Every structure is written in structure tokens, then in C-alpha cells.
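Let me begin by presenting the structure, written as C-alpha cells, before commenting on it.
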Amino acid sequence: MKEVKHYINGQYVGSASGRMFDNINPATGEVISQVHEAGEAEVDAAVQAARAALNGPWSKMTLDERSKILHAVADGINARFDEFLEAECADTGKPKSLASHIDIPRGAANFKVFADMVKNVATEAFEMATPDGTGALNYAVRRPKGVIGVISPWNLPLLLMTWKVGPALACGNTVVVKPSEETPTTTALLGEVMKEAGVPDGVYNVVQGYGGDSAGAFLTAHPDVDGYTFTGETRTGELIMQNAAKGVRDISLELGGKNAGIVFADCDMDKAIEGTMRSAFANCGQVCLGTERVYVERSIFDEFVSRLKAEAEKLVIGPPDDATANLGPLISQKQRDKVLSYYQQAVNDGATVVTGGGIPDMPDALKNGSWIQPTIWTGLNNDSAVINEEIFGPCCHIQPFDTEEEAIEQANRLPYGLASAIWTENLSRAARVAGQVEAGIVWVNSWFLRDLRTAFGGSKQSGIGREGGEHSLEFYTELKNICLKL
Ligand SMILES: NC(=O)c1ccc[n+]([C@@H]2O[C@H](COP(=O)([O-])OP(=O)(O)OC[C@H]3O[C@@H](n4cnc5c(N)ncnc54)[C@H](O)[C@@H]3O)[C@@H](O)[C@H]2O)c1
Ligand SMILES: O=C/C=C/C=C(\O)C(=O)O
């Protein structure tokens with residue numbers, strides 16, 4: 001049986017305790033590898049390796065030297081594209097057609113964009129007058145923040161981990177990464193690419209394991225980590241924030257959402273249907289930016305519901321190697337039980353099940369996978385948990401609105417504020433509504449269109465801080481002002 005180990009100080013190592021756990025293929029339910037579970041000893045070894053590497057050549061390299069190495073990391077991912085694709089799809093069950101267009105290409109892009117960004121973003125300087133008339137010059141310089149703890153989720157494993165590791169390394173930091181227990185493999189495989197690209201030992205470290213009472217908690221409690229970047233559930237973010245507070249460590253939190261789509265009667269209906277199909281069902285609905293609440297102007301409500309139903313019923317449910325499949329399984333049976341509990345809650349709360357609502361019939365070879373039907377509801381009122389809590393599955397609830405003000409009020413009524421998608425051909429209305437929706441990211445007539453230079457993050461309980469472009473440099477460096485008396 002294949003083993004997935006930790007990657008510490010440039011070596012793959014097992015856990016001293018010998019403790020391992022199963023890595024399950026969500027499409028078949030089969031065990032595909034045994035994963036070493038890190039104890040405090042492994043986490044400490046990883047943090048010490050990162051600390052030692054921080055004081056080694058990495059943070060002293062010129063920007064050009066570091067940039068060249070990170071471009072080599074990106075090239076290494078592309079050179080081993082199929083290996084990363086196989087590993088990511090085995091861990092997640094997602095269609096290869098999806099991972100080959102999103103997950104793996106973004107893994108490489110997340111290194112390239114920041115390898116260049118660090119060389120092109122200026123800091124600041126101020127000349128000042130002084131009483132003696134000779135003046136002084138203030139100028140700011142960026143220095144690495146230090147050892148960064150990176151804790152990543154299972155829905156877009158390589159994409160979301162490299163979205164943090166790319167800028168962290170570009171800024172001269174060293175990292176200890178704790179990937180999700182559901183998806184250990186591509187984070188481990190990246191260690192080989194780092195080595196081949198010339199990243200010094202100890203700069204990139206990986207510890208495998210669970211969250212609470214396991215590797216994740218040991219990492220966030222470790223006193224020798226200088227900051228944490230976390231992507232995951234809001235409740236988990238609260239726990240990590242509490243641990244980071246000891247020793248006053250900085251945090252960047254990308255958390256959960258319950259995102260609203262707002263569809264006006266003056267939309268391009270084809271665009272709105274295509275975009276809502278992706279935002280509700282892509283990655284089996286396991287995208288934090290996805291739309292689980294859709295508000296549609298009353299005059300087009302019936303047409304919108306029937307067209308979205310028709311498109312949802314064309315989705316092809318299947319395993320990664322099925323080239324026709326565009327809907328894979330949920331990440332685990334446990335996650336499927338959670339999503340099915342909301343499917344049941346919707347019925348209990350009196351929803352109309354427009355389509356789906358259960359488990360699809362699958363061939364015998366896939367019977368043990370965590371498959372689920374794409375589902376659309378109407379008819380719920382606002383006190384249903386189904387439209388107040390993040391489900392993180394292939395489902396959405398559609399409800400009508402009559403005025404712009406009502407749509408904005410509905411969109412903003414939850415404690416989340418991550419993303420929103422607005423569909424209207426009236427761009428004045430688009431700008432007006434987008435400016436009032438309480439979300440960190442608002443798409444107009446599009447969804448998940450990503451320019452990596454832009455600010456990315458959630459407001460309210462969907463996160464703290466922004467990453468992307470120079471916002472990442474803000475988090476992954478300490479800005480120092482030097483005042484030079486002339
Ligand atoms: N805002 C974003 O950019 C974004 C992106 C992707 C996913 N998410 C959110 O992530 C969630 C789905 O991912 P998930 O189920 O892996 O989230 P999760 O919070 O359960 O786990 C995320 C990571 O945190 C670790 N973890 C769990 N408990 C921990 C603890 N007490 N201390 C330290 N680490 C701990 C897990 O092992 C995993 O590696 C959804 O809520 C989704 O909205 C947000
Ligand atoms: O599931 C959430 C997806 C987040 C995507 C990003 O962080 C990104 O596109 O950089």
C-alpha cells in the first residue's frame with residue numbers, strides 16, 4: 001500500500017508513533033494510500049527546519065535568484081502535470097476535465113505570478129524637512145515575516161495551498177504546510193518539485209494529519225511560528241485565531257460563505273443560466289465562492305427556474321476518467337451525510353424540490369463513492385437553515401424578489417460576506433448593486449473569473465485580510481521604515 005509521508009527539511013519522513021490513517025478515493029470508496037499522522041515531534045521538527053532555513057540562504061537571496069527558483073517550481077509542476085492531475089483526482093474524485101483546467105494550472109500560476117510580483121511592487125519614500133535644514137529621507141523596505149504556518153482545505157487542494165505558499169516563499173519566508181487529511185497527496189508531491197527546482201531544504205515543509213488534537217492544532221499552537229494563513233470553515237478559523245493570539249501572531253483567514261446570486265430581469269439569460277450552473281454545481285458545489293442562494297426578479301422567476309432545472313438535469317455524474325462527466329462526488333461519506341441532512345431539512349421545511357434531492361444510481365464499481373444528486377429548491381422562507389448555513393454541496397435555493405433594494409437586503413442578511421454574482425445588462429445598476437452587496441468579491445455577468453493581482457478575501461465572518469497581488473506582499477512581509485538624516 002502506498003504511503004504518504006511528511007516532507008521535513010528536504011526529506012520524506014514517517015511519524016515516530018507509526019500512526020497512519022486511510023486516504024479514501026471519494027469516487028470508489030477504496031483506500032488508495034496510508035497517510036502518516038504527524039505528532040508534536042514531527043510538527044516541531046518541521047518548524048525547526050523552517051526556522052533554520054529562514055536563517056540560511058533563502059531569505060538572503062536576491063529577488064531575481066528567488067524568482068528564478070519559483071519559476072522553476074512552476075515549470076516543475078507543469079512538467080509533471082499528469083502526475084499532479086492523477087493524484088488530485090484520486091484524492092478528490094473530481095472530473096479530470098475540471099482539475100486539468102483549474103486546479104493544476106493554477107498550482108503553477110500561483111508561483112509564477114508572485115515570483116514576478118515581488119520584483120515589480122514598489123514600497124514608499126518620503127523626503128522631510130528638518131529644523132537644521134539638511135532634511136531627512138524616509139524609505140520603506142520589505143522583510144520576510146518569518147516561518148509561516150499554512151493550513152489548507154480539501155476542495156481545491158493544490159490551488160489553495162499554492163495560493164498561499166507561492167507568495168510566502170516569493171517574499172523570502174519559509175513554510176510548514178498542513179494539508180487537509182482528505183487530500184494529502186499533491187502537497188506531498190510538491191516536495192519533490194521543490195527539491196528539483198533548487199529550493200533549499202527546510203524552506204518548504206509538509207506535515208500530514210487532522211485538525212483538532214492533531215497536526216493542525218499542534219502547528220497553530222507552536223510558539224516558533226510567526227504567522228498563519230488558513231483556508232477553511234469559519235468555526236475552524238475562530239479556533240486558529242485563538243491559538244495565533246498567543247504570542248501575537250498575524251493571521252490571514254479565508255473562511256466560509258453562503259453566497260448570493262442576484263438575477264435581474266434585464267440580464268442576458270443565457271449568461272445567467274450558464275454562470276449560475278457553474279457557481280452552484282462546479283466541483284460538486286464544493287467551492288467557497290459558490291452560489292447556494294439565488295435571488296431572481298419575479299417577472300423572469302418561472303423561466304429561470306425551469307431553465308436551470310433543465311440544465312442541472314443534463315449534468316453527467318461520473319468518475320475522474322469519464323471524459324463526459326462534469327459532476328464528481330463529494331469529498332467523503334461524512335460530507336455527503338452532512339449535505340443529505342440539509343436535503344432532508346429542506347423537505348421538512350416545506351421546500352419544493354425542483355430537481356434532485358437524493359443519491360444517484362451508480363454502477364457497481366462506484367457504489368461506494370460519495371455520490372449525490374445536484375439539487376434545486378424553491379419555496380423556503382428565511383428561517384430555514386438550508387438558506388442560512390453553508391452546505392458546501394451541489395445545490396441552490398431560488399427565490400423571487402421585486403425591487404433592487406429587496407435583493408440587496410436579502411443578499412446581505414447573513415453573517416457571511418465572501419462572494420456574490422450579479423446578472424444584469426444595465427451596468428449602472430450593476431455598479432450600484434455591487435457597491436452595496438456586503439462581500440469581499442463581487443462578479444458581474446461572470447463567476448470565478450480570476451485576476452491574481454486583485455484583492456481576494458471575505459468580509460464579516462467570511463474572513464480576515466486580503467490576499468492576491470500586493471495584498472499578499474502586505475501579509476507575507478514586514479514593512480520597515482528607515483529614516484535617514486541627511
Ligand atoms: N474563503 C476561501 O477562500 C475558502 C476556500 C476554500 C474553502 N473554504 C471553506 O473551507 C471549508 C471546507 O474545507 P474544510 O472542510 O477542509 O474546512 P475545515 O475548516 O474543516 O478544515 C480546513 C483545514 O483546517 C484543518 N483544521 C481543522 N480543524 C483545525 C484546528 N482545530 N486547528 C488547526 N487546523 C484545523 C483541517 O485539517 C484542514 O486542513 C468550507 O467552509 C469552505 O467555505 C473557504
Ligand atoms: O473554494 C474556494 C476557492 C477559492 C479560490 C481562490 O482562493 C483563488 O481563486 O485564488
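Heavy atoms only: backbone and side chains are in, while hydrogens, waters and symmetry mates are out. For ligands, and for the atoms within them, numbers begin at 1 and follow the listed sequence. Bear in mind that the values here come from a model prediction, so they are computed numbers and not experimental data.
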For ligand 2, is any non-hydrogen atom under 4.0 Å from R106's backbone (N, CA, C, O), its side chain (CB onward), both, or neither? side chain

I need the atoms of ligand 1 closer than 4.0 Å to a non-hydrogen atom of K178, numbered in the order shown. 36 (C), 37 (O), 38 (C), 39 (O)

When you measure from atom 2 (C) of ligand 1 to every protein heavy atom, which one gives the shortest distance, and what is it? C288 SG, 3.2 Å

Which of these, E233, E467, M161, E254, has its nearest heavy atom closest to atom 17 (O) of ligand 1? E233

To the nearest 0.5 angstrom, please state how far the CG atom of L255 sits from the CG atom of L418. 8.5 Å

Nearest protein heavy atom to atom 1 (N) of ligand 1, by residue and atom, and its distance? L255 O, 2.7 Å

Heavy atom of the protein closest to atom 34 (N) of ligand 1 (residue, atom name, distance): G216 CA, 3.7 Å

Out of all atoms in ligand 1, which are within 4.0 Å of some heavy atom of L239? Include the element for each. 31 (N)

Mark up the atoms of ligand 1 that fall under 4.0 Å of a heavy atom belonging to P179, in ascending order. 39 (O)

Please identify which atoms of ligand 2 are closer than 4.0 Å to at least one heavy atom of L160. 4 (C), 5 (C), 6 (C), 7 (O)

Quick check: are there more than 12 heavy atoms from other residues, nucleotides or ligands sitting under 6.0 Å from CD of Q333? yes

Heavy-atom distances under 4.0 Å decide this one: backbone, side chain, both or neither, for S152 against ligand 1? backbone

Side chain, backbone, both or neither: L160 near ligand 1, heavy atoms under 4.0 Å: side chain

Please compare P184, P157, A217, G209 and report which has the shortest non-hydrogen distance to atom 32 (N) of ligand 1. A217

Mind checking whether N155 contacts ligand 1 via backbone (N, CA, C, O), side chain (CB onward), both or neither, at a 4.0 Å heavy-atom cut-off? side chain

Does the pair E390/K258 count as a salt bridge with the N-to-O cut at 4.0 Å? no

Answer with side chain, backbone, both or neither: which part of L418 has a heavy atom less than 4.0 angstrom from an atom of ligand 1? side chain

The salt bridge (Lys or Arg N to Asp or Glu O under 4.0 Å) partner of D226 among R249, K145, R51 is R51

Taking R466 first and then E474, would you say they form a salt bridge - that is, a charged N and a carboxylate O separated by under 4.0 Å? no

Looking only at protein heavy atoms, which one is nearest to atom 40 (C) of ligand 1, and what is the separation? E390 OE1, 3.4 Å

Worked verdict on Y295 versus W423 for ring pair (Phe, Tyr, Trp, His ring centres under 6.0 Å): CA-CA 10 Å; Y295 300 98; W423 306 91; over 10 Å; no

Parallel, tilted or perpendicular, as decided by the 30° and 60° cut-offs, for the rings of Y12 and Y7: tilted

For ligand 1, indicate whether the residue E182 contacts it via side chain, backbone, both or neither (heavy-atom separation under 4.0 Å). neither

Less than 4.0 Å between a side-chain N and a carboxylate O, is that true for K460 and E438? yes

Could you tell me whether E192 and K195 make a salt bridge, using a distance below 4.0 angstrom between a side-chain N and a carboxylate O? no

Ligand 1-proximal atoms of T236, by part, heavy-atom distance under 4.0 Å: side chain

To which protein heavy atom is atom 26 (N) of ligand 1 closest, and what is the distance rounded to 0.1 Å? G211 CA, 3.5 Å

Contact between ligand 1 and G463 is defined here as a heavy atom of the residue under 4.0 Å from a ligand atom; is it met? no

Applying side-chain hydrogen bond (donor to acceptor under 3.5 Å, both in side chains), run through T185 and E88 and close with a yes or a no. CA-CA 7 Å; T185 311; E88 198 77 309; over 6 Å; no

Show me which atoms of ligand 2 lie under 4.0 Å from any heavy atom of R450. 8 (C), 9 (O), 10 (O)

Report, in ascending order of atom number, the atoms of ligand 1 lying under 4.0 Å from any heavy atom of G256. 41 (O), 43 (O)

With heavy-atom distances below 4.0 Å as the criterion, list the atoms of ligand 2 near F448. 5 (C), 9 (O)

Go through ligand 1 atom by atom and flag the ones less than 4.0 Å from a non-hydrogen atom of E181. 36 (C), 37 (O)

Please state which protein non-hydrogen atom is closest to atom 3 (C) of ligand 2 and give its distance, to 0.1 Å? C288 SG, 3.2 Å

Inspect the surroundings of CE in M362 and state if more than 12 heavy atoms from other residues, nucleotides or ligands are less than 6.0 Å away. yes

Can you list the ligand 1 atoms lying under 4.0 Å from a non-hydrogen atom of Y210? 37 (O)

Is the shortest distance from a heavy atom of G212 to ligand 1 less than 4.0 Å? yes

Got the closest protein heavy atom to atom 15 (O) of ligand 1, with its distance? W154 NE1, 2.8 Å

For the CD atom on E409, are there more than 12 heavy atoms of other groups (residues, nucleotides or ligands in this structure) within a distance under 6.0 Å? no

Can the ring centroids of F392 and W154 be said to lie less than 6.0 angstrom from one another? yes

For ligand 1, indicate whether the residue F456 contacts it via side chain, backbone, both or neither (heavy-atom separation under 4.0 Å). side chain

Residues, nucleotides or ligands: over 12 heavy atoms within 6.0 Å of D213 CG: no

Evaluate the criterion side-chain hydrogen bond (donor to acceptor under 3.5 Å, both in side chains) for residue pair Q410 and N382; output intermediate values, then yes/no. CA-CA 9 Å; Q410 287 284 6; N382 278 353; 3.0 Å; yes

Specify whether H6 and H36 have parallel, tilted or perpendicular ring planes, treating 30° as the upper limit for parallel and 60° as the lower limit for perpendicular. perpendicular

Residue pair S152, K178: steps toward the side-chain hydrogen bond (donor to acceptor under 3.5 Å, both in side chains) verdict: CA-CA 7 Å; S152 47; K178 208 298 287 175; over 6 Å; no

Under 4.0 Å and counting heavy atoms only, is there anything from the protein next to atom 43 (O) of ligand 1? yes

Could you walk me through whether K314 and E311 pass the salt bridge (Lys or Arg N to Asp or Glu O under 4.0 Å) check? CA-CA 5 Å; K314 291 178 193 167; E311 291 306 311; 2.7 Å; yes

Contact partition for N155 relative to ligand 2, non-hydrogen atoms under 4.0 Å: side chain

Nearest-contact summary for atom 6 (C) of ligand 2 - protein heavy atom, Å: F456 CZ, 3.5 Å

Check this for me, if you would: do E86 and K96 make a salt bridge, where the nitrogen-to-carboxylate-oxygen distance has to be below 4.0 angstrom? yes

Among all the protein's non-hydrogen atoms, which is closest to atom 13 (O) of ligand 1, and how far away is it? P153 CB, 3.4 Å

Relative to ligand 2, is L156 under 4.0 angstrom through side chain, backbone, both or neither, heavy atoms considered? side chain

Identify, for atom 12 (C) of ligand 1, the protein heavy atom at the shortest distance, and state residue, atom and that distance. F392 CE2, 3.6 Å

